[in-house]
Amino acid sequence: QVQLVESGGGLVQAGGSLRLSCAASTIMFGLNVMAWYRQAPGKQRELVATITTNGYTNYLDSVKGRFTISRDNAKYAVYLQMNSLKSEDTAVYYCYAEGGGVRVWGQGTQVTVSS
């Protein structure tokens with residue numbers, strides 16, 4: 001059973017940085033898009049960033065210039081480097097992967113940014 005294991009969340013001061021990591025527990029054949037979503041309490045889950053196998057990326061407007069998504073295809077892993085963090089970035093962050101008919105969500109990792 002494929003699972004996405006997330007790490008790197010925690011508490012950080014505004015203006016600081018965090019790096020989130022996510023890796024599949026087993027090989028994912030035909031893996032295509034990997035992404036990060038986030039959800040704050042009482043709010044809709046939103047797409048933060050996506051990355052294709054060849055490295056094409058897209059970002060939520062509010063994180064452009066601050067966040068960078070990357071991946072390691074050999075490790076079936078995706079990362080989110082978050083710089084210049086703001087209090088409004090506080091949310092549970094979810095890893096997502098799809099391809100070859102498989103869609104998998106991580107369980108989420110909490111990111112809290114203090115003012």
Side-chain angles (χ1 to χ4, degrees):
Q1 184 86 358
V2 176
Q3 305 227 355
L4 297 179
V5 181
E6 300 161 321
S7 63
L11 176 65
V12 65
Q13 290 182 298
S17 299
L18 283 174
R19 182 175 181 265
L20 305 183
S21 299
C22 171
S25 61
T26 189
I27 295 172
M28 294 185 68
F29 297 104
L31 182 63
N32 185 15
V33 176
M34 300 189 80
W36 288 95
Y37 288 75
R38 69 185 182 187
Q39 186 169 28
K43 298 186 66 178
Q44 202 94 30
R45 186 173 297 187
E46 62 183 351
L47 179 61
V48 177
T50 62
I51 185 167
T52 64
T53 304
N54 66 353
Y56 181 80
T57 60
N58 274 102
Y59 295 92
L60 181 68
D61 284 344
S62 62
V63 309
K64 287 181 179 177
R66 300 189 298 118
F67 291 10
T68 302
I69 188 171
S70 60
R71 64 191 288 168
D72 185 335
N73 292 330
K75 297 180 179 179
Y76 300 98
V78 63
Y79 310 94
L80 187 67
Q81 179 66 46
M82 304 184 293
N83 299 326
S84 302
L85 283 162
K86 306 173 181 179
S87 60
E88 51 262 45
D89 295 318
T90 295
V92 176
Y93 284 71
Y94 296 90
C95 180
Y96 173 81
E98 67 177 36
V102 176
R103 297 176 178 177
V104 187
W105 288 91
Q107 68 177 24
T109 184
Q110 177 70 47
V111 171
T112 303
V113 184
S114 62
S115 302

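Because the structure is predicted, anything quoted here is derived from the model rather than measured.
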_When you group the ILVMFWY residues by side-chain heavy-atom contacts below 4.5 Å and let the links chain together, are V33 and V2 in the same group?_
no
In this structure, CZ of R71 is separated from OH of Y76 (nearest 0.5 Å) by 10.5 Å
Rounded to the nearest 0.5 Å, the CE atom of M34 sits from the CG atom of N73 at a distance of 8.5 Å
Item checked: CA sep, side-chain torsions, deciding dist, call: R38, L80, side chain to side chain contact (heavy atoms under 4.5 Å, CB included) -> CA-CA 12 Å; R38 69 185 182 187; L80 187 67; over 6 Å; no
Q.
Determine whether a donor-acceptor pair (N or O, by modelled atom type, separation under 3.5 Å) exists between the side chain of T112 and the backbone of T90.
A. no
Tightest non-hydrogen contact, residues Y37 and A35, listed as CE1-CB, 4.1 Å
Check your understanding: Does CD in Q107 sit with more than 12 non-hydrogen atoms of other residues, nucleotides or ligands closer than 6.0 Å?
Key -> no
Sorted by chain and number, sequence neighbours left out, side-chain hydrogen bond (donor to acceptor under 3.5 Å, both in side chains) with Y96 holds for E98
**Study point:** Heavy-atom side-chain contact between L85 and F67 under 4.5 Å
**Key:** yes
Rounding to 0.5 Å, atoms CG (L60) and CH2 (W36) come to a distance of 15.0 Å
- Query: Counting heavy atoms not belonging to R103, are there more than 12 under 6.0 Å from its CZ?
  - Reply: no
Please tabulate, one pair per line, all N/O donor-acceptor pairs under 3.5 Å involving side-chain atoms of residues 11-29, not counting sequence neighbours.
unit_1	atom_1	unit_2	atom_2	d
S17	OG	N83	OD1	2.9
S25	OG	Q3	N	3.0
S25	OG	Q3	O	3.4

**OP:** Step by step, work out the side chain to side chain contact (heavy atoms under 4.5 Å, CB included) result for Y79 and T68.
**Re:** CA-CA 8 Å; Y79 310 94; T68 302; over 6 Å; no
Side-chain donor-acceptor pairs under 3.5 Å in residues 47-58, sequence neighbours left out?
unit_1	atom_1	unit_2	atom_2	d
T52	OG1	N54	OD1	2.4
T52	OG1	Y56	N	3.1
T53	OG1	L31	O	3.1
T53	OG1	N32	O	3.2
N54	OD1	Y56	N	3.4

Q. Less than 4.0 Å between a side-chain N and a carboxylate O, is that true for D89 and K86?
A. no
Main chain of G108, side chain of E6: is a donor-acceptor contact present, judged purely on distance under 3.5 Å?
yes
Closest non-hydrogen contact found for S87 with S115 is CB-OG, 4.0 Å
Q) Are Y94 and V78 linked, directly or through other ILVMFWY residues, by side chains that come within less than 4.5 angstrom of each other? A) no
Looking only at heavy atoms, the pair that brings G9 and V111 closest together is CA-CG2, 4.2 Å
